[in-house]
Each structure stands twice: as C-alpha cells, then as structure tokens.
Number of protein chains: 2
Amino acid sequence: MNLRIPVSAPSKCDLCAIHHRSICGIADTPLQAELSRISHIRTFSAGETVLAESESAGIVGNVVSGVLRMVKTMADGRQQIVGLLLPSDMFGRVFADDSRFAVEAATDVTLCCFERAAFEHLLRHNRDLEHNILLSVLDELDAARDWMVLLGCQTVLERVATFMIILHRRVDNQGCSRVTDRGPPCVALPISRRDMATYLGTTVETISRTIQSMVRKGVIRIVDPRTFEIVKLDALIAMSGREEFRDYDSDPRDRPQPRSEAGRPHLSVLTGKSR
Amino acid sequence: MNLRIPVSAPSKCDLCAIHHRSICGIADTPLQAELSRISHIRTFSAGETVLAESESAGIVGNVVSGVLRMVKTMADGRQQIVGLLLPSDMFGRVFADDSRFAVEAATDVTLCCFERAAFEHLLRHNRDLEHNILLSVLDELDAARDWMVLLGCQTVLERVATFMIILHRRVDNQGCSRVTDRGPPCVALPISRRDMATYLGTTVETISRTIQSMVRKGVIRIVDPRTFEIVKLDALIAMSGREEFRDYDSDPRDRPQPRSEAGRPHLSVLTGKSR
DNA sequence: CGCTGCGTTGACGGCTATCAAAGAACGTGG
DNA sequence: CCACGTTCTTTGATAGCCGTCAACGCAGCG
C-alpha cells in the first residue's frame, strides 16, 4: 500500500463498525475529521424515545447498532411505523425544525449523533456531501412510495411475504438475514411482532395468523419467534405478489446492482435495494 | 420600480402561469435564462402516459396546467397512485435512469419539460438550485410518509375527509378549491372518482358510498360530481381523525406558515402544506 | 340512437380488526 | 431454586368494514 498521505492519529471513527457503509465512509479525509470532531456516541434502551414527534429536533446521526423506528401516533393511539432504521442508516430531519415523526429505539441501540446545526453547516459548505444526501433522500422517497403501494393495495399475506423477502435480500448487510454455507436460508427478524404489525399496517394477531399460515403451507419454518427458515423462496416470492422479485429467487449474487450510483449512505433501511 | 438591471428581451417564461411558484421563480436571472433555453412545452391528453414505469426516463419538468398522477401498476392490474402533481409541481426523477412509477396525465395537461441530462447538468453546477431541490424532496418524503399513515391505519371515511381538507387548504393555490366571498366554501376535485380511489387505496364503489354517507350526515353537499360544498368544516375535520387539522377550522388566514423556508418549488402536490 | 365512460346503488362474501384467553419466555424477588 | 408478574406470541370466536359482482341512470359522442 502506498501511504504517502500524511497519517494522522487514528480517530475514534476508525473503529466504527459502520464507518465504511455510512456517510462517513464516503467523505474525504478532511471532512471525515470534521465529522469525527462533531460526533458523539449515545445509547438508548429498547422503547426509549430518541426524538419525539413535533419536538424541535436538534440532532441527526447514524445508527451504529440496533434498530430505530420512525413512528407516527394518532390522537386515539393508532400508530404507523413509516420507516425502520438499521445500522448505517441516518436518522433525523435536516433543514426543518421538527420531525413530524417520532424516532424510537426498537431495540437497544447505539447512535452516532451530530448536532443538527453543525451537520447542516457541513452540508452547506460541502458540495459532495449535500449531493450524496440528496441521492439518499431520493432513494428514500422511492422507497416510501413503494411502501404506499404495499399499504394501499396489497393483502396482509403479500405484505408479510414482501417484508421477509426484503429482509432476505439484505443478506451480507446488517445481519438481518443470513445464509449459512450450504445450509437453509434464514431470515432474522430485527423487530417484534408488534412493530412488524405497525410497520405493515395491520395487527399482531393478523401477523401471527399470517405467519402460521405460511408455515402450514410449507413456505417457511419457524426456528424461533425471531428467526425463519425460508423453505420455498419461489413460493414466498409468488406470495408477495411482486413481479420485481422474480429475478432474485435463486442466487443472491445474481442480483442486479442498485440503480443509482453506489457507495453512498442510505437514510432508512428497507429501500428494497440490495446494497 | 428600479430598473437598473439590464433588461433582456422578454423570454417565453415571463408569460408562464406558474413561473413565480415553480423552481424557475426561485432561480436567479442567469439561471432563469438557462432554464428557459433548455425548456420546451409539451401537452398530453387525459389518460396519456408521460413516462412509463421502468422506462429510461429522459425528461423532468414542471406541470403548467392540469394534473399528473404517479402510479404503480402491479402484475395483476391493481394500481396505487403514489402522488398527484398539480401546476407548479415537478415531475420526473433526477439522478436515476428509470422512474419506478409511471407518470400519466389525469387530465389534459401542459408541461414545461427539460432534458433530464441537461437539467442535471444545471443542478451540478448550481449550488442553490440543488439545495432547493433537496428541500423539496425532503418535504416530499415527509408527505409520502404521512400518506403511509393514511393508508396504513385510517378508515376510508377518514381518508376521504383528509383528502378533502387537504384540497380545501389549497385555497388560493391551483384552483383546486375556492372560497367565494362570503359564500359557502367549496372544494373542486381535480380528478375522477377512479383516481381518487386509486390514490386513497380503495375502490370507486367505496368512495361513492363514503361520499354519499357524508352527504347524508350533512357535512358536505354535492354541487356537481366534481364540486363539493363544505357545510360543516369542523365535522369534516373531526371525521378526518387528524388532530393536526384542528387549528385550521375557522379562517384560512389563521393558518401557520409551512415549516421550512418558503418560496421553493414542490415536486408533488399534496404535501399537506398550505403554500 | 347505440356505445362508452362515469357515478351511484344494492347484495353478498371475505379479509381482517376486535375481544378474549391461554401458553411460552424472561427477568425479578423471595 | 421457585413463585410470580410482565411481555410476547399464539389461538379462537365474532363482528364489521370494505372489496367484488351486478345493474342502473346519466351525459357525451360518433
């Protein structure tokens, strides 16, 4: 390796598990130093609120470990999860004073936080950073609209199947899913049944019944409540009602690449892409 | 008026009905000239496809008049409208080769189009333009997630009421809604029942029944199939199940301003803001 | 004048929410 | 180590919202 670049003291970020996948990994060296300077690590226990709905949201950041949920709660208590945030995803809302959605810890989480004002300052002075954020937000928008399709015109069975396939496609990403060598493909749910229901626009009871029906059909097998073995991937794909998954049924390595330039951060997890 | 600025020949854009509300109205003079240079007007009849799903989408632009719908069609024919685009809204997808959603004319439309490559070139060389686009996309993302809440956990009655209130709040905007002086407040539907159903995640029959039930309850009155008089705005707001509309029931002028910096283009219409 | 598209109304059935309760897993305290 | 409360998941019974199928009135149009 050619190390003619001046080597500074290793920053705290060099050990960060998501460094290479997050926005930090895209930044050039001076920007990395600046990001490192203004960042601070915080942890939250499952169930804690990171940013309240309508709160003046002073921080943004990356998920280092664990899962965040973005949730809107209606006056009568009904809830909808509008996004799950996994390691390397960004949370928070830049350029607005409140977030419209609460950000809560769905599991115990470790977060790398920036003061929003300081981060926006960096954005304003760093063309590439802002451009990459724009690309991420555009992908997020596509993903949100895709989820509107799921909520608006798919059955619960289709939603559950779609959710499982998306998790499965995140193989070699955040450990949501894993393929043991030559073993059966498994999907590890990162969240509870309740969160799954709130994300898929249904109830825990219906989620449970739907999963059990998939078991009875021999499509999946329950290893433990949070781990499923996919017995018939093609049948699962057929259940999802999504033609676009057809191409992915056999080998994960056959998947096409994401459509936009690779190697930038993504703000929310389930964008349906296989980065 | 002080006219010390050199006055060039009036460009075709000076007569544009949406000039002051679109991205063009934000641009500085040289950028306006450049936008004008690369723009061209196209028209489509109701039902025509502007950009097909998954097509290599070579153009972006603004709606000048009429309404566009962004729609996803599933393999079995089910459809979901993921966004309506009204005059001054932008359509198309920058920085990606295909659009994932079709863009269709919901009515006869006039569009101001840019070659996507040329527009992206401008974006890359104009900091402010890209920043404004980022702000717009962020608002779009909020709006899309808000629509996920509507589709995921609201009844059809609530969805219809919400839709009508949002249209009503666009008073003094695209003429979707109008308040005749001292007369009853009216909402003019810009789209057909079918599109309304496809946007709200339900069917024409259910839309029709829901509207009729609102009439029987004395909340609205049907002037003609595309025009409603709002008889009891407070009851309509209560029906929407949305606490956030409570503040707006009496006088439209009491409404708070949009949360982010004003005066930038918005890419899709129903962002729930009252610009 | 028939055709077509749009909006409405009726009958019916199914998917899914709701209410209720039991089993399983887990941590806590005795 | 065990009792116990809490949370999570599952299962059952029931009801209701809403999708589906069908038909009708109406307006626009060739």
K.L.:
Hey, can you tell me if A:Phe163 and A:Tyr199 have their rings parallel, tilted or perpendicular (30° and 60° cut-offs)?
P.N.:
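It falls in the perpendicular class, over 60°.
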
K.L.:
Hey, could you give me the CZ/CG distance between A:Phe91 and A:Leu85, rounded to the nearest 0.5 Å?
P.N.:
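One finds 8.5 Å between CZ of A:Phe91 and CG of A:Leu85.
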
K.L.:
Considering every strand and a 4.0 Å limit on heavy-atom distances, what is the contact class for B:Gly47: base, sugar-phosphate, or nothing?
P.N.:
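No contact.
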
K.L.:
Calculate the interatomic distance between B:Arg194 atom CZ and C:dG7 atom P; express it in whole Å.
P.N.:
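The answer, rounded to whole Å, is 9 Å.
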
K.L.:
Expressed in angstrom and rounded to an integer, what is the separation of B:Arg226 atom CZ from C:dC6 atom P?
P.N.:
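Checked: the CZ to P distance equals 9 Å.
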
K.L.:
Estimate the overall bend of the helix from C:dC1-D:dG30 to C:dG30-D:dC1 from the end axes over five pairs each, rounded to 10 degrees.
P.N.:
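One end's axis against the other's: 30°.
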
K.L.:
From CD of A:Gln79 over to P of C:dA17, roughly how many Å is that when rounded to an integer?
P.N.:
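Roughly 15 Å, once rounded to whole Å.
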
K.L.:
Do the charged groups of A:Arg21 and A:Asp89 touch, with an N to O distance under 4.0 Å?
P.N.:
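The answer is no: the pair does not qualify as a salt bridge.
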
K.L.:
Given side chains that start at C-beta, do those of A:Ile207 and A:Val160 come closer than 4.5 Å, heavy atoms only?
P.N.:
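A side-chain contact exists here, since the closest heavy-atom pair is under 4.5 Å.
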
K.L.:
Could you tell me how far apart A:Met214 (CE) and D:dT10 (P) are, to the nearest whole angstrom?
P.N.:
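One finds 13 Å between P of D:dT10 and CE of A:Met214, rounded.
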
K.L.:
Mind jotting down which residue pairs meet the side chain to side chain donor-acceptor pair (under 3.5 Å) criterion with at least one end in residues 63-73 of chain B? Sequence neighbours excluded, please.
P.N.:
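Of all non-adjacent pairs touching residues 63-73 of chain B, those that pass side chain to side chain donor-acceptor pair (under 3.5 Å) are A:Asp146-B:Lys72, A:Glu244-B:Lys72, B:Ser65-B:Thr110, B:Arg69-B:Glu104, B:Arg69-B:Asp195, B:Thr73-B:Gln79.
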
K.L.:
Report the distance from atom CD of B:Glu158 to atom C1' of D:dC18, rounded to the nearest whole Å.
P.N.:
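Distance, rounded to whole Å: 14 Å.
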
K.L.:
Under 4.0 Å between a side-chain nitrogen and a carboxylate oxygen: does that hold for B:Asp234 and B:Lys232?
P.N.:
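So B:Asp234 does not pair with B:Lys232 through a salt bridge.
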
K.L.:
Return a single string for nucleotides 8-16 of chain C, one symbol per nucleotide in 5' to 3' order, where B is base contact, S is sugar-phosphate-only contact and - is none, cutoff 4.0 angstrom on heavy atoms.
P.N.:
BBBB----S

K.L.:
Do NZ/NE/NH1/NH2 and the carboxylate oxygens of A:Glu140 and B:Arg145 come within less than 4.0 Å?
P.N.:
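Yes, this pair counts.
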
K.L.:
Taking B:Asp139 first and then A:Arg93, would you say they form a salt bridge - that is, a charged N and a carboxylate O separated by under 4.0 Å?
P.N.:
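A salt bridge is present here (some side-chain N lies under 4.0 Å from a carboxylate O).
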
